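All remarks here apply to the structure that follows.
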Number of protein chains: 2
Amino acid sequence: MKGLYFVTDRGLCGDKPLADVILQAVRGGATCIQLREKEVATRFFVEEALRIKALLAPLMVPLIINDRLDVALAVEADGVHVGQEDMPYEIARKLMGPKAIVGLSVETWEDVERAQGLNVDYLGVSPIFATPTKTDAKEPWGLQGLARIRAFSRHPLVGIGGLNASNAEAVVMAGADSVAVVSAICAAPDPYAVSRELAEIIRAALTNRGLSPI
Amino acid sequence: MKGLYFVTDRGLCGDKPLADVILQAVRGGATCIQLREKEVATRFFVEEALRIKALLAPLMVPLIINDRLDVALAVEADGVHVGQEDMPYEIARKLMGPKAIVGLSVETWEDVERAQGLNVDYLGVSPIFATPTKTDAKEPWGLQGLARIRAFSRHPLVGIGGLNASNAEAVVMAGADSVAVVSAICAAPDPYAVSRELAEIIRAALTNRGLSPI
């Protein structure tokens, strides 16, 4: 998991169709899409996920489903992202199989320590900064918390929470391999331009850290 | 699917723990339990379903999960019940496998005709009567609508919606093999007594129709 990671929020997209926003994010340089739906019926979620998968597959961009293993299995998504209140990681891995991408959010240091023994594909470090997008979020990690996790964890780290073009570089320099963005793309008048700017900042920062940006 | 089918509603149970209400319903004669949760986090749903499964397994009463295939797969439930806005039936069957119980709600005559070609284990005829439990329900079938479905369908029928001791006999006589009850059990001061009364009414009516009550 490396680069710009776009997490959807239908409510923040205004009158822009979600599929259009996703396509613009990918054209701008997003390397991973997480479809997050908390309000819609299962059937709608499945149909939407099928449409987005058809969109992403030819572009070789993985589709990750937030929380809902049933939807991920139904559409054969590339992976799932689970939080601490979602499906337990071990069950998610068992149901998705060894090849799927399974990401796990860590909100406390206890979560980080527990994750060390798990074969997760990445940790979602959540939230880096306070954010209005996720109202049930715990205390922000800040850049120092992120750096502490980087020093300890064996897993790739995806920062999330309050991230945008003004802080993406600092987040990568503090240890994130990937920067997850929600409202900075969803709510932007031009999601393509914002994504391109973000992807460029992240690429440059990864190179600065001596990491391959791909 | 035959007899008294209890569909849970946590909100209607008041201060009675859901597991207690379920146990009382089974002791009273319920032959199937459907766990329906629309508001809780996935992890809580999984943990609750595991507890209820452990309760029901020794009693040989099947546990059906409403809508959420992820939870059903995670706890290896006996089956799932899907509505027309839930996981499409074919995907539910594929994910759950041929041995699982998969029930499908029918809300329109079109649904009934489409279901004739599907290997569902039962049809949930919903709603029989108007009910405050399910606010997004379609036009009630009534006893005549139920009888029309009975004359047409090859599947066992589970009536649901506004059912209680005052109308359970009429619902079985009109063609239901099973009577699904929500609030009449959840909201009862004595769920055991209500379940026993309902189970007895249903048993007598099935016998009256010349059907084995077991």
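Here the structure is a predicted model, which means the values were calculated and not measured. Chain letters run A, B, ... following the sequence lines, proteins first and then strands; every chain starts at 1.
When the options B:Cys32, B:Pro191, B:Cys186 are evaluated for a side chain to side chain contact (heavy atoms under 4.5 Å, CB included) with B:Phe6, the one that passes is B:Cys186.
Applying the side chain to side chain contact (heavy atoms under 4.5 Å, CB included) rule to A:Ala176 yields the partners A:Leu146, A:Val171; only residues at least two apart in sequence or on another chain are considered.
For the set A:Asp86, A:Leu95, A:Val71, the entry with the most heavy-atom pairs within less than 4.5 Å of chain B is A:Asp86. With chain B as partner, the option from A:Val82, A:Asp67, A:Val40 having the largest number of non-hydrogen pairs under 4.5 angstrom is A:Asp67. Ranked by non-hydrogen atom pairs under 4.5 Å with chain B, the options A:Ala74, A:Gly83, A:Ala92 are led by A:Ala74.
For B:Gln116, the CD atom sits in a packed shell: over 12 heavy atoms of surrounding residues, nucleotides or ligands are nearer than 6.0 Å.
With rounding to the nearest 0.5 Å, the separation of CG in A:Asp9 from CD1 in A:Ile185 is 12.0 Å.
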Could you go through the salt bridge (Lys or Arg N to Asp or Glu O under 4.0 Å) check for B:Arg51 and B:Glu48 one step at a time?
CA-CA 5 Å; B:Arg51 279 190 290 272; B:Glu48 182 79 348; 2.7 Å; yes

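B:Tyr5 and B:Tyr122 have perpendicular rings, their planes meeting at more than 60° on a 0 to 90° scale where under 30° would count as parallel.
Scanning all heavy atoms of the two residues, the minimum distance from B:Leu143 to B:Ala174 falls at O-CB, 3.8 Å.
Below 4.5 Å, heavy atoms of chain A meet no heavy atom from residues 148-166 of chain B.
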